[in-house]
Amino acid sequence: MSVRTRYAPSPTGFLHVGGAWNAFFNWLFSRHHGGTFVLRIEDTDRSRSTVEYEQAICEDLRWLGIDWDEGPDVGGPYGPYRQTERREIYARYAEEFLRRGVAYPCYCTPEELLAERKRAEAEHRPPRYSGRCRNLDDAERAKLLAEGRRPALRFHVERFRNPSFGDTEWLQEREGRRMVVVQDLIRGKVLFDLAELDDFLIVRSDGTPLYNFANVVDDHTMDITHVLRGVEHLGNTPRQLLMYHALGWRPPTFAHLPVLLGPDRKKLSKRHGDTALREYRDELFLPEALRNFFALLAWYPEDGRELFRTEELIERFDIGELKGASPVFDRQKLVWMNGEYLRQLRESDPDRLVELATAYLVRQGLLKEPVAEAERSLVRRVIGILGDRLKVGSDLLLYADFFFLERPRYDPQAVARYLAGASELLDEVRAALEPLEPFHADRIEQVLRAFAESSGLGIRTVVHPIRVALTGRTVGPGLFELMEVLGKERVLRRLEEARSLAGVA
RNA sequence: GGCCCCAUCGUCUAGAGGCCUAGGAUACCGCCCUCUCAAGGCGGAGACGGGGAUUCGAAUUCCCCUGGGGCCA
């Protein structure tokens, strides 16, 4: 049987890194096995789901390089792929559950159930459904219906307590207790005490399906063979397993992935700042870098090596090698890795890098649409002299904003430290540079070194004030290269204008 | 509170009884290179949560505790 995996996001927000990581492993797994990857939209929460978010999630997944063989937009033989469009399917299966006696109508109102739960809590009992509606006869049902009660549907867990269910792979006797056995690819056997499970709701009285039920029906009807999902769903699995077996369905193989943690070791969420995948895209992170980084979270393909092309990841990926421990998302390491990929990109596809950098600068307001060809070529040259300094978008701001500004943003500390009392020096440098033609880096260097020597100042003493005067900062690309790219006219003007700053101190 | 998962440097991890005076990467700190920063080179600091048990021998197996996380309420 060929492998079928799925990623089933709720379109209630942008795709976040945790979700993307999860989707990526599903995708990797299916690609490794030459299987099918399905995208299913779990939009039953109508109040929070929007089509805009659905589209955004699709867009972000595609950007990451994750493609799906079946899904709401591309279709497929198991559609529809949106839960809201699967109403009739759930209704049909609800009926089947009922007909086969594995579920029963429950007439209890939410108020009654809440009261019951409160009582249990007060008496320090675990809150569990009493089973009141389990064995109602037709007359009693008719009466409750006549009272105007609309029944919900409950799954009949109780029946599994019947000793006539012998030991099976999924239901075993341990120390006198009946245990539901979840066989997990990552965690091995995980046992849940059947006594802890009560008859849970599968359909609300208004007819809407609950998560566990919809999930099982979807995965079954879509022939999903492997469910790779967050470990937070592990507790749901025994209930789902019971549903599969009650109907005589073959359950999928489960693998419960660790959760992605923030620096505070709490589940990564909006609270942690940048968690939407698109924020990474907007900061000049490359999808290939993200993929590589994701793969190395909770998995390790080969000792020593850390940089892998996606094809290599697909080839090597083995779900059984996944660690069960939850990793912390370390942005610093991602930045490093992205730097490695940007460096490669500079060699392999400089045009793409220029495009990305230009778009970034536009977003930051340093360039305006439409971007002229001259500006684009300036970006190209800037990227050239930035070299390995470029690891994330913000490096463009830190090291190169002055190329795109009429006047540099002067860092007060840099000014105080290097420009104070330097107006004479700036004048002399300007005079020395004035006649220089052409204005090339190697010639500039010659002139400045000669000046430094003849004035007895030394190159360091000369370079720093000039750098601050031209860029506003103490850090940045090589000074001579930067001056060439900035151009003679702007260099001379900024040296002149910086005199005012030099005088003040 | 109940149930479940997890546990090696700050972080990602290697390690599946002797190869471990615990390896790599990243981050950090020095030095070198150098016009600054970055990159690069060299070096440094930095971990098996605790306690039992098994064994000639445990990071590696088992148990308990602790800690972290998640889910349910």
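Hydrogens, waters and symmetry mates play no part in the numbers below; they use all other heavy atoms, side chains included. Chain identifiers are assigned alphabetically (A, B, ...) following the order of the sequence lines, protein sequences preceding nucleic acid strands; residue numbering begins at 1 within each chain.
Proximity note for V463(A) (side chain, C-beta onward) versus A39(B), C12(B), C35(B): the nearest is C35(B). Here C37(B) is the nucleotide among U36(B), C37(B), U13(B) with the atom lying nearest to any side-chain atom of R389(A).
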For nucleotides 71-73 of chain B, give me every protein contact, N/O to N/O, under 3.5 Å, one pair per line with atom names.
from: C71(B); atom 1: OP1; to: K267(A); atom 2: NZ; distance (Å): 3.3
from: A73(B); atom 1: O3'; to: R117(A); atom 2: NE; distance (Å): 3.4

Strictly under 3.5 Å: I want the nitrogen or oxygen pairs between protein and nucleotides 24-27 of chain B, one per line.
from: A25(B); atom 1: O2'; to: E306(A); atom 2: OE1; distance (Å): 2.1
from: A25(B); atom 1: O2'; to: K333(A); atom 2: NZ; distance (Å): 3.3
from: A25(B); atom 1: N3; to: K333(A); atom 2: NZ; distance (Å): 3.0
from: U26(B); atom 1: OP1; to: W336(A); atom 2: NE1; distance (Å): 3.4

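Remark: G1(B) base-pairs with C72(B). Criterion, Watson-Crick or G-U wobble with two distances under 3.5 Å. The partner of C28(B), taking Watson-Crick or G-U wobble pairs whose two distances both stay under 3.5 Å, is G44(B). Across all strands shown, nothing is found opposite C37(B) as a Watson-Crick or G-U wobble partner with both distances under 3.5 Å. Pair assignment for C9(B): none, as no Watson-Crick or G-U wobble contacts are both less than 3.5 Å.
Residues passing the side chain to side chain contact (heavy atoms under 4.5 Å, CB included) test with L284(A), sequence neighbours excluded: L356(A), Y360(A), L390(A), L396(A). With sequence neighbours excluded, the residues that form a salt bridge (charged side-chain N to carboxylate O under 4.0 Å, His left out) with E306(A) are K333(A). Take T310(A) and apply the side chain to side chain contact (heavy atoms under 4.5 Å, CB included) test, not counting sequence neighbours, and it matches W27(A), R291(A), I314(A). With sequence neighbours excluded, the residues forming a side chain to side chain contact (heavy atoms under 4.5 Å, CB included) with N22(A) are Y7(A), N26(A), L257(A), listed by chain and number.
Aromatic ring orientation, F24(A) versus F294(A): tilted (interplanar angle from 30° to 60°).
One can place NZ of K323(A) at 13 Å from C1' of A16(B), the figure rounded to the nearest angstrom. Rounded to an integer number of Å, the gap from CG of D411(A) to P of C37(B) is 15 Å. Rounded to an integer number of Å, the gap from CZ of F329(A) to C1' of G10(B) is 17 Å. Residue L261(A) contributes atom CG, which lies 15 Å from atom C1' of G10(B) at whole-angstrom precision. Rounded to an integer number of Å, the gap from CG of D401(A) to P of C37(B) is 18 Å. In this entry the distance linking CG of D264(A) with C1' of U11(B) reads 13 Å, nearest Å. Remark: P of C12(B) and CG of L260(A) are 10 Å apart, rounded to the nearest angstrom. Residue L425(A) contributes atom CG, which lies 17 Å from atom P of C35(B) at whole-angstrom precision.
Side-chain rings of F213(A) and F97(A) approach one another, their centers coming within less than 6.0 Å. Aromatic pair H32(A)/F25(A): ring centres not closer than 6.0 Å. Aromatic pair Y129(A)/F155(A): centroids not less than 6.0 angstrom apart.
Side-chain contact, S269(A) with H16(A): no donor N or O sits under 3.5 Å from an acceptor N or O. Inspection of the D43(A) and Q83(A) side chains reveals no N or O donor paired with an N or O acceptor under 3.5 Å.
In this model, the phosphate group of C3(B) is not approached by any side-chain N or O of R177(A) to a distance below 4.0 Å at OP1 or OP2. Distances shorter than 4.0 Å separate some side-chain N or O of R265(A) from OP1 or OP2 on U11(B).
Against RNA chain B, the stretch residues 427-450 of chain A makes heavy-atom approaches under 4.0 Å through R449(A). Non-hydrogen atoms lying under 4.0 Å from RNA chain B are contributed by R187(A), V190(A), L191(A), all within residues 180-191 of chain A. A heavy-atom distance below 4.0 Å to RNA chain B is reached by these residues of residues 473-492 of chain A, ordered by number: T474(A), V475(A), G476(A), P477(A), G478(A), L479(A), F480(A), E481(A).
Across A45(B) and G57(B), the matching C1' atoms stand 31 Å from one another, rounded to whole Å. Across G43(B) and U66(B), the matching C1' atoms stand 38 Å from one another, rounded to whole Å. Comparing the P positions of U26(B) and C65(B) gives a spacing of 40 Å, expressed to the nearest Å. With both ends at atom C1', the span from U54(B) to C71(B) equals 35 Å, rounded to whole Å. For the P atom pair drawn from C63(B) and C6(B), the interatomic distance equals 12 Å after rounding to whole Å. As rounded to the nearest Å, A59(B) and A47(B) have C1' atoms that lie 10 Å from one another.
For residues 185-203 of chain A, the set of pairs meeting the side chain to side chain donor-acceptor pair (under 3.5 Å) definition, not counting sequence neighbours, comprises Y104(A)-D199(A), R134(A)-D199(A), R177(A)-D193(A). Applying the ring-ring contact (aromatic ring centres under 6.0 Å, His included) test to residues at least two apart or on different chains, the pairs with a partner in residues 443-495 of chain A are Y418(A)-H464(A). Sorted by first and then second residue, the ring-ring contact (aromatic ring centres under 6.0 Å, His included) pairs with a member in residues 170-197 of chain A read F160(A)-W170(A), W170(A)-H245(A); sequence neighbours excluded.
Contact check on E42(A) versus R40(A) returns a salt bridge, with a Lys/Arg side-chain nitrogen under 4.0 Å from an Asp/Glu carboxylate oxygen. In this structure, R490(A) does not pair ionically with E496(A), as no charged nitrogen and carboxylate oxygen lie closer than 4.0 Å.
Counted within 6.0 Å of CD on E355(A), heavy atoms from surrounding residues, nucleotides or ligands total more than 12; the atom is thus considered enclosed.
A298(A) comes within 4.0 angstrom of sugar-phosphate atoms only, judged by non-hydrogen atoms across all strands, and of no base.
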Start with the C-alpha gap between F329(A) and F293(A), add the side-chain angles, then the distance that decides, and say whether ring pair (Phe, Tyr, Trp, His ring centres under 6.0 Å) holds. CA-CA 10 Å; F329(A) 183 79; F293(A) 182 73; 5.5 Å; yes
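Comparing R343(A) and E321(A) against RNA chain B, the residue whose closest nucleotide sits nearer the 5' end is E321(A). Place F192(A) and K266(A) on RNA chain B by their nearest nucleotides, and F192(A) ends up nearer the 5' end.
Relative to the six-membered ring of F254(A), R229(A) misses at least one condition, a distance below 6.0 Å or an angle of at most 45° to the axis.
A donor-acceptor contact under 3.5 angstrom links the side-chain atoms of R467(A) to the base of C35(B).
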